[in-house]
Enquirer: 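Here it is, the structure in full.
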Amino acid sequence: MDLAMAKNSWRPLLLSLILGLLPAMSQQAALAEADYYTAGVVEFRQSVLSLTENVEAYVEIILSENASATDIIVFPESTLNGSGSMTFVPNPKDEIAPCLSDPNATHYEAFLVTISCAARNASKYVVINLTEKQKCEDVPEDTRPCASNGLNTYNSNVAFDRQGVVVSRYRKVHLYGENKNSTYLPELSTFETDFGVTFGHFICFDILFYTPAHQLIVEHGVTDFIYPAMWFSQLPFLTAVQVQEGWAYSNDVNLLAAGASRPSVGNSGSGIYHGRSGVLTSVMNQGSGERAIYVAQVPKYTRSRSVQKRAKREATAPRQAATSSSYFMKRDYLENYETEPLEFDERVIGNVNRTLCQGNFCCHFDIAWRSLVADSGSYYSYRLATYDGWRNEQRVDANYIRNCALFACSGPTIEDCGQLLPTEGAEQQPRVAFTRLAIEVSYPESREFLLSPNSLLNNLLPLKPSQFEWSQEKATEDSYQHEVRFALRESLELTNLLTFAIYGNYYDNECTYGVGDAEKQLACGYRNGSTGKANLGGWLTMPLAILLLAWSKL
């Protein structure tokens with residue numbers, strides 16, 4: 001459908017929305033003094049053939065009974081319009097409501113006007129993602145070559161307030177193989193709400209980088225985030241909800257994540273997360289995708305960042321083990337890792353106490369299990385793994401990682417790791433039940449880095465915070481080493497594990513303790529100017545101490 005036809009087909013919808021503004025739906029807004037707000041995130045299966053259908057589905061969700069209690073609704077990335085449909089977006093400083101300023105959609109595209117009217121009609125904050133166009137001449141400071149049509153195009157979030165006014169806009173910084181522009185300088189975008197919460201927002205691939213996601217926390221103290229995504233899940237560390245919950249937990253922030261829903265190509269994953277308390281609601285759809293809103297009451301952070309107890313949790317969905325036919329998965333370059341298989345035998349119980357290094361970076365594993373007898377069926381094997389280097393993904397921005405992991409494999413070789421089991425043959429059968437899981441490692445200080453617990457079960461959801469223990473401490477205030485421990489909580493056991501890891505994201509690895517010569521170390525503020533070679537003993541101190549302690553107990 002071309003844009004002219006699409007515009008005309010929306011006239012009745014636009015008219016009905018505008019006529020409905022006077023008797024607008026009156027929903028009780030969460031007061032600024034309340035200790036929570038109500039949020040909805042939308043898992044959305046896009047129609048790739050009909051822009052009109054997508055817009056109508058958006059409006060239906062905004063006005064639905066399921067969304068009636070929400071103060072704010074977040075839609076996912078790239079599900080409203082495709083690359084062939086772009087729109088100008090008002091500058092938030094101008095406080096424009098396209099619904100009122102351009103009801104005939106002469107300047108802004110009709111879908112933008114329609115969503116503005118829907119937000120106003122429902123009296124809700126609404127955040128959408130779209131393809132934005134801007135005249136190159138409007139940014140004279142950007143001297144980069146302009147496209148032949150005179151336009152920059154951006155992957156952008158647009159936030160509307162309860163009156164349909166555009167109050168914020170964010171243009172994606174870290175593009176994932178997209179034929180779009182990045183801004184001349186990276187943007188940091190926030191907006192305030194009438195329920196007393198200031199939101200920052202970013203898009204999909206941005207979550208793996210310091211700017212803007214982590215930067216908004218460290219430099220601006222933002223505690224609540226909006227996150228539209230069309231995430232392509234990757235085993236074993238980067239499936240959608242796994243990443244979302246780990247990021248929210250490590251930063252101790254609220255995250256409203258809305259995901260595109262097409263599992264056959266690897267898209268699904270939405271949720272609402274409350275920092276160290278974990279998930280309030282989440283989904284990893286394993287069917288054909290869905291159009292559904294997931295709602296939760298989100299406790300606000302006070303200035304002291306203490307966690308409020310009020311939180312509405314959704315009922316737990318029945319467990320469904322993911323297979324290679326139910327969900328398409330990308331795979332990490334695990335051949336770059338230092339790995340060794342976890343050997344099981346016929347004994348009833350087994351354990352391993354092992355330090356595994358790649359170069360100077362060492363991970364200590366303390367693992368115990370009991371063997372299970374399965375009559376038939378397929379099962380996962382496991383490997384220990386250590387990695388210190390750049391993520392090997394070509395043609396996109398790369399981040400530097402230091403990972404320690406136990407992950408599942410569908411067969412005996414490293415090439416089988418990071419693969420889901422197929423559905424052919426007998427059903428999956430667990431081979432072992434892990435009765436103890438602990439990873440301990442000494443991580444170097446860095447100017448910009450984030451250490452996260454990283455776990456995944458075979459239903460493609462991570463462990464809950466109540467199921468694990470996490471600590472990150474420095475031995476002394478002046479230390480440049482972080483002693484990190486990630487462990488399965490005592491008395492628990494797991495039979496359905498895909499990943500148990502510490503994900504060390506060092507972004508660009510600049511100003512990392514022990515990296516570079518003495519002059520660079522001093523320039524980064526490390527007083528003793530240690531080089532990587534001089535720091536070797538520091539990497540091995542904790543693993544050696546652990547081994548000596550274990551030996552003394554024999």
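Position 1 is the first residue of the sequence, and the numbers go up from there.
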Enquirer: Using side-chain heavy atoms (C-beta onward) and a distance below 4.5 Å, is R169 in contact with E132?
Expert: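 Result yes, sub-4.5 Å side-chain heavy-atom pair found.
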Enquirer: Just say parallel, tilted or perpendicular for the rings of F199 and Y37, cut-offs at 30° and 60°.
Expert: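 Perpendicular: the ring planes of F199 and Y37 meet at over 60°.
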Enquirer: Report yes if some heavy atom in the side chain of V74 is under 4.5 Å from a heavy atom in the side chain of V42; otherwise report no.
Expert: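 Counting from C-beta outward, V74 and V42 never come under 4.5 Å.
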Enquirer: On the 0 to 90° scale, with breaks at 30° and 60°, tag the W470-F486 ring pair as parallel, tilted or perpendicular.
Expert: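 Correct class here is perpendicular.
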Enquirer: Is K464 paired with E245 through a side-chain N to carboxylate O contact shorter than 4.0 Å?
Expert: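 Not counted as a salt bridge, because no side-chain N and carboxylate O are separated by less than 4.0 Å.
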Enquirer: Taking the six-membered ring where the residue is Trp, are the ring centres of F202 and Y227 under 6.0 Å apart?
Expert: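 Yes, ring centres under 6.0 Å apart.
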Enquirer: Centroid separation under 6.0 Å, is that true for the rings of F225 and W247?
Expert: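 Yes, ring centres under 6.0 Å apart.
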Enquirer: Determine, for Y506 and R402, whether the Lys NZ or Arg CZ falls below 6.0 Å from the six-membered ring centre while staying within 45 degrees of the axis.
Expert: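 Yes, a cation-pi geometry.
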Enquirer: Just jot down the side chain to side chain contact (heavy atoms under 4.5 Å, CB included) partners of V396, sequence neighbours excluded, or say none.
Expert: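 Partners of V396 under the side chain to side chain contact (heavy atoms under 4.5 Å, CB included) test: Y176, F205, E393.
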Enquirer: Return the minimal non-hydrogen interatomic distance between Q244 and G269, and the atom names on each side.
Expert: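 For Q244 versus G269, the nearest heavy atoms are NE2-O, 3.1 Å.
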Enquirer: Between E187 and R171 (salt bridge meaning N to carboxylate O under 4.0 Å), is one present in this structure?
Expert: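 Looking at E187 and R171, the cut-off is met.
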Enquirer: What is the minimum heavy-atom distance between L456 and P236, and which atoms define it?
Expert: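 Minimum heavy-atom separation between L456 and P236: CD2-O, 4.5 Å.
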Enquirer: Count the heavy atoms belonging to other residues, nucleotides or ligands that lie under 6.0 Å from CG of D94, then report whether that count exceeds 12.
Expert: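 Yes, enclosed.
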Enquirer: Between R291 and E53, does at least one N-O distance fall below 4.0 Å, as a salt bridge requires?
Expert: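 Yes, this pair counts.
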Enquirer: May I ask you to decide whether D71 forms a salt bridge with R162, counting only side-chain N to carboxylate O separations under 4.0 Å?
Expert: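 So D71 pairs with R162 through a salt bridge.
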Enquirer: For residues G418 and L334, report the shortest heavy-atom separation together with the two atoms involved.
Expert: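 Closest pair (atom of G418, atom of L334, distance): N-CD1, 3.8 Å.
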Enquirer: Between H214 and Y507, is the ring centre distance below 6.0 Å?
Expert: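 Centroid separation for H214 and Y507: below 6.0 Å.
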Enquirer: Atom CZ in R144, atom CG in N181: separation rounded to 0.5 Å?
Expert: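 Output value for this atom pair is 6.5 Å.
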Enquirer: Shortest non-hydrogen contact from V113 to C99?
Expert: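 Shortest heavy-atom contact: CG1-CA, 4.0 Å.
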Enquirer: State, with a plain yes or no, whether a side-chain heavy atom of F111 is found less than 4.5 Å away from one of T52.
Expert: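 Heavy-atom side-chain distance check fails, nothing below 4.5 Å.
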Enquirer: Quiz question: by atom type and distance under 3.5 Å, do the side chains of Q419 and S410 form a donor-acceptor pair?
Expert: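 No, because no side-chain N or O of Q419 sits under 3.5 Å from a partner of the opposite role on S410.
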Enquirer: In this structure, which one of N157, N129, N155 forms a side chain to side chain donor-acceptor pair (under 3.5 Å) with E77?
Expert: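 When side chain to side chain donor-acceptor pair (under 3.5 Å) is applied between E77 and each of N157, N129, N155, only N155 qualifies.
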Enquirer: Under a 4.5 Å cut-off applied to non-hydrogen side-chain atoms, are Y58 and T114 in contact?
Expert: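 No - every pair of side-chain heavy atoms lies 4.5 Å or more apart.
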Enquirer: State which residue, out of Y333, Y337, F407, fulfils the ring pair (Phe, Tyr, Trp, His ring centres under 6.0 Å) condition with Y387.
Expert: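 Answer after filtering Y333, Y337, F407: Y337.
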Enquirer: At what distance, to the nearest 0.5 angstrom, does CG of L216 lie from OH of Y210?
Expert: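 Interatomic distance, L216 CG to Y210 OH, rounded to 0.5 Å: 9.0 Å.
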Enquirer: Roughly how far, to the nearest 0.5 Å, is the CD atom of Q234 from the CG atom of D332?
Expert: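 The distance works out to 4.5 Å.
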Enquirer: So do the side chains of Y249 and F468 get within less than 4.5 Å of each other, counting heavy atoms only?
Expert: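 In contact.
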Enquirer: Would you compute the distance between atom CE of M230 and atom OG of S261 and round it to the nearest 0.5 angstrom?
Expert: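 If I round to the nearest 0.5 Å, the distance is 10.0 Å.
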Enquirer: Does one side chain, of D206 or H174, offer a donor that lies under 3.5 Å from an acceptor on the other?
Expert: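 Not at all, the side chains of D206 and H174 share no donor-acceptor pair under 3.5 Å.
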Enquirer: Roughly how far, to the nearest 0.5 Å, is the CG atom of L280 from the CG atom of N254?
Expert: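 One gets 7.5 Å once the value is rounded to the nearest 0.5 Å.
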Enquirer: Does the ring of Y36 carry K300 above it, NZ/CZ under 6.0 angstrom from centre and within 45° of its axis?
Expert: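 Because its charged atom misses either the 6.0 Å distance or the 45° angle limit, K300 does not stack over Y36.
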Enquirer: Supply the atom-to-atom distance C117 SG to L100 CG, rounded to the nearest 0.5 angstrom.
Expert: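 Between atom SG of C117 and atom CG of L100 there are 7.0 Å.
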Enquirer: For the residue pair Y301 and H274, categorise the inter-ring angle as parallel (less than 30°), tilted (30 to 60°) or perpendicular (more than 60°).
Expert: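 Tilted: the ring planes of Y301 and H274 meet at 30° to 60°.
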Enquirer: Do V158 and L130 make a side-chain contact, defined as non-hydrogen atoms from C-beta onward lying under 4.5 Å apart?
Expert: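 SC-SC contact between V158 and L130 confirmed.
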